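These values consider heavy atoms only, across backbone and side chains, with no hydrogens, waters or symmetry-generated copies. The model shown is predicted, which means the values in this text are computed figures rather than measured ones.
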Amino acid sequence: MIDMDTIEVSNLNRQFLFRQSHVGQSKAKVAREAVLKFRPHIKITPYHANVKDPDFNVDFFKQFNVVLNGLDNLDARRHVNRLCLAAEVPLVESGTTGFLGQVTVHVKGRTECYECQPKPAPKTYPVCTITSTPSKFVHCIVWAKDLLFAKLFGDKNQENDLNVHSTDAASSSEQAEDAFERRKDEDIEQYGRRIYDHVFGYNIEVALSNEETWKNRNRPRPVYSRDVMLNGLAQQNGNIFGATDDPSSVSAMASLGMKNPQDIWSLMENSRIFLEAFKLFFVKREKEFGNLTFDKDDQLAVEFVTAAANIRASSFGIPLHSLFEAKGIAGNIVHAVATTNAIIAGLIVIEAIKVLQNDTNNYRMTYCLEHPTRKMLLMPVEPFEPNKSCYVCSETPLTLEINTHRAKLRDFAEKIVKAKLGMYFPLIMHGSALLYEVGDDLDEDMVANYAANLEKVLCELPSPITSGTTITVEDLKQELTCNINIKHREEFDEEKEPDGMLLSGWTQSSSVEKDDNKSIDNGGSTSNASQTVPVDSEKNDEMGSVSSGKKRKLSEVPDAAAQDFSSVADSDGSRNHKKLELVDDDDDLLMLDADPGINKKKRLQ
């Protein structure tokens, strides 16, 4: 059992193995101890580690007869999928979202792999909307989380759109750059107020100076600290360091004596939280500056982002939200239901037993529905065949449209190889020329050579990449190779194609027929938050249920059921490949050896 997380209070209501006394301990280790209490004779080896660590390679996976996934992010799921394919070990995938869930079985050469169907791209928003004209609370959350929080506490060298406020070069850009630098002899409270006035006051004034923008929009209202903080920084009613001295537990709410996360704070209360959280970051966590990224489990970060988003929302006339609601939006959370997780866990085991018994004819993808359909809450479907156009399991070449005269090898490596293809230790080749490689065994000259290549434009590399050429990308850890055909393209739409490149060729299976007259949505079963929040990595969680007696093909599933399980299938039997979003923020991977009485050679190849 592999899990990198420790148990948190928020984990306790979604499962049945952890208790209050386990908070702070390794999930994998505690789960093992809990299971051994009622099954003392079985062997479980816990790993408090990341499944993407080099130790968990193809040879490690080959030890097992089946792998059970309960991961919480797309990157990790893709990584495990590829290792299972390389090791030829069956994979049982799972996930839940509220009352919905699904379980799927993936066997190399027999069924589609986890990546046979493209996952939905993360929801993104135009930068101009986020920085200048927000109209939804989620826009304010993205601004507070990805721009303001990152600017103040994250990597200072990373580009940040808070530096650009208007076309007025005489004022905005220079002042904005200076505003985030702490002045000599400036105490934390003065610095916090200056940041507050700059982002909520001055920057709004700059935005208002562009009259054209507000012809058909409501004008925002600048907010300055002097207008809302009449009596200076609020008096502390609690402990300045929160409930504990653990940096991750520091809380502005505790410091100010505010307890209920479901309260919607007033503008003044949000301002107090903002300034208090700002101060606590400097008092207790300054050593982390430069490396901090937003984490939904970081109480102080959630408080800061909630307060900042609410102040900005107030300025733009957008309804305010509670910390509980804001955390759900910022963390892309659909709150977990313990009973759904229990059902899905049982279904995982049922499919694992089938795999171990080599019962290939009875493999099922099973969907757990929110509302009964024909008195059924569990909807089994026969697995789909491998997608012949899948670049992972069918090794079909992809096509990349890119400006080979402007784009650098670094752009290709970061935006395509790592972000789109999910390769962590990539090797990039053009013909026999090795252009880039990652590894611990490289000598200094090779590292310097590859670093120099990264900064070169594609057409100026030692082995030039131009239109019509083919690049081979390989991840040695995942044992995955992918060929990419290059097509030069001069211009890209900055809003629709912000990366300045377009990857294609990874399409749905040709056997999939779409009915343009049918509209399938999520049936209202997932929260708006989970559908709209931009995330770094798409959190698709798939979960399922037990097959019920009679085998049912997708074509037999009634319309209501098809809509109920989040567009997994159209009612006419064709497949709609919108996936469920992740509910469960647990990150577990379980590997099983065969029962002693089962010959491992019977495993599907």
Side-chain angles (χ1 to χ4, degrees), residues 1-3 47 50-52 56-96 101-119 344-360 362-367 380-387 390-395 422 475 477-480 538-545 547 568 577 579-580 582 584 586-594 598 600 602-605:
M1 178 179 293
I2 304 170
D3 196 314
Y47 295 90
N50 190 330
V51 72
K52 292 186 284 188
F56 306 120
N57 53 25
V58 173
D59 288 336
F60 177 84
F61 274 65
K62 283 182 178 178
Q63 302 175 73
F64 305 99
N65 291 79
V66 64
V67 173
L68 314 181
N69 250 7
L71 298 168
D72 71 349
N73 65 87
L74 180 58
D75 282 344
R77 290 173 181 278
R78 294 195 299 189
H79 184 72
V80 172
N81 177 62
R82 295 169 187 187
L83 290 175
C84 286
L85 288 170
E88 298 190 6
V89 177
L91 169 65
V92 179
E93 260 288 354
S94 66
T96 62
Q102 76 190 61
V103 170
T104 56
V105 182
H106 306 280
V107 180
K108 184 176 182 179
R110 296 283 186 93
T111 71
E112 64 179 13
C113 79
Y114 175 72
E115 298 177 78
C116 270
Q117 307 304 332
K119 303 299 181 283
I344 293 308
L347 296 173
I348 293 169
V349 172
I350 288 173
E351 293 305 320
I353 291 172
K354 295 176 188 177
V355 170
L356 293 175
Q357 294 178 340
N358 203 20
D359 188 10
T360 57
N362 287 312
Y363 290 169
R364 291 291 179 271
M365 303 188 301
T366 310
Y367 302 96
V381 178
E382 292 183 3
F384 290 85
E385 295 180 354
N387 182 355
C390 175
Y391 78 94
V392 178
C393 67
S394 300
E395 300 184 0
D475 189 307
K477 302 285 186 182
Q478 299 175 350
E479 296 191 10
L480 174 66
E538 186 70 15
K539 292 186 174 181
N540 286 341
D541 227 49
E542 300 168 49
M543 292 217 152
S545 78
S547 14
V568 177
H577 292 286
K579 295 290 186 179
L580 303 180
L582 173 72
D584 186 2
D586 293 336
D587 191 347
D588 304 299
L589 182 140
L590 184 64
M591 298 171 170
L592 298 182
D593 291 316
I598 298 175
K600 184 170 181 177
K602 291 184 179 179
R603 189 189 68 214
L604 290 177
Q605 300 297 320

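Atom-to-atom distance recorded for I353:CD1 and I348:CD1 is 12.0 Å, nearest 0.5 angstrom. To the nearest 0.5 Å, atoms CG (N50) and CZ (F56) are separated by 8.5 Å. Annotation: the span from K108 atom NZ to C84 atom SG amounts to 11.0 Å, rounded to 0.5 Å. How far CG of L91 is from SG of C113: 9.5 Å, rounded to the nearest 0.5 Å. Taking OH from Y363 and CD from E351, the interatomic distance works out to 8.5 Å, rounded to the nearest 0.5 Å. Residue K477 holds its NZ atom at 15.5 Å from CZ of R82, rounded to the nearest 0.5 Å.
Salt bridge present: E93 and R77 bring a charged side-chain N and a carboxylate O closer than 4.0 Å.
In plain terms, the two heavy atoms of Y391 and L480 that are nearest each other are O-CD1, 4.3 Å. Between A76 and K52, the closest heavy-atom pair is CA-CD, 4.4 Å. Of all the heavy atoms in K62 and A87, the pair that sits closest is CG-CB, 3.6 Å. Among all heavy-atom pairs drawn from V105 and R364, the shortest one is CG2-O, 3.9 Å. Residues H106 and T104 share a closest heavy-atom pair of NE2-OG1, 2.8 Å. P386 and R110 get closest at one heavy-atom pair: CD-O, 3.8 Å.
Inspection of the E115 and N81 side chains reveals an N or O donor paired with an N or O acceptor under 3.5 Å.
The closest side-chain heavy-atom distance from V103 to V92 is below 4.5 Å.
Between the Q63 side chain and the F60 main chain, a donor and an acceptor come within less than 3.5 Å of each other. In this structure a side-chain-to-backbone donor-acceptor pair under 3.5 Å is present from K354 to N362.
Contacts of N57 classified as side-chain hydrogen bond (donor to acceptor under 3.5 Å, both in side chains), with partners at least two apart in sequence or in another chain: none. The side chain to side chain contact (heavy atoms under 4.5 Å, CB included) test applied to L83 returns V58, F61, H79, not counting sequence neighbours.
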### Task
Just do the side chain to side chain contact (heavy atoms under 4.5 Å, CB included) check on Y114 and L85 with the steps written out, would you?
CA-CA 10 Å; Y114 175 72; L85 288 170; over 6 Å; no
### Query
Given the rule in the side chain to side chain contact (heavy atoms under 4.5 Å, CB included) test, do N65 and V89 qualify, once you have shown the distances and angles that lead to the verdict?
CA-CA 6 Å; N65 291 79; V89 177; over 6 Å; no
### Query
Would T111 and F384 satisfy side chain to side chain contact (heavy atoms under 4.5 Å, CB included), going step by step from the backbone distance to the final call?
CA-CA 6 Å; T111 71; F384 290 85; over 6 Å; no
### Task
Could you walk me through whether L71 and V80 pass the side chain to side chain contact (heavy atoms under 4.5 Å, CB included) test, one step at a time?
CA-CA 10 Å; L71 298 168; V80 172; 3.8 Å; yes
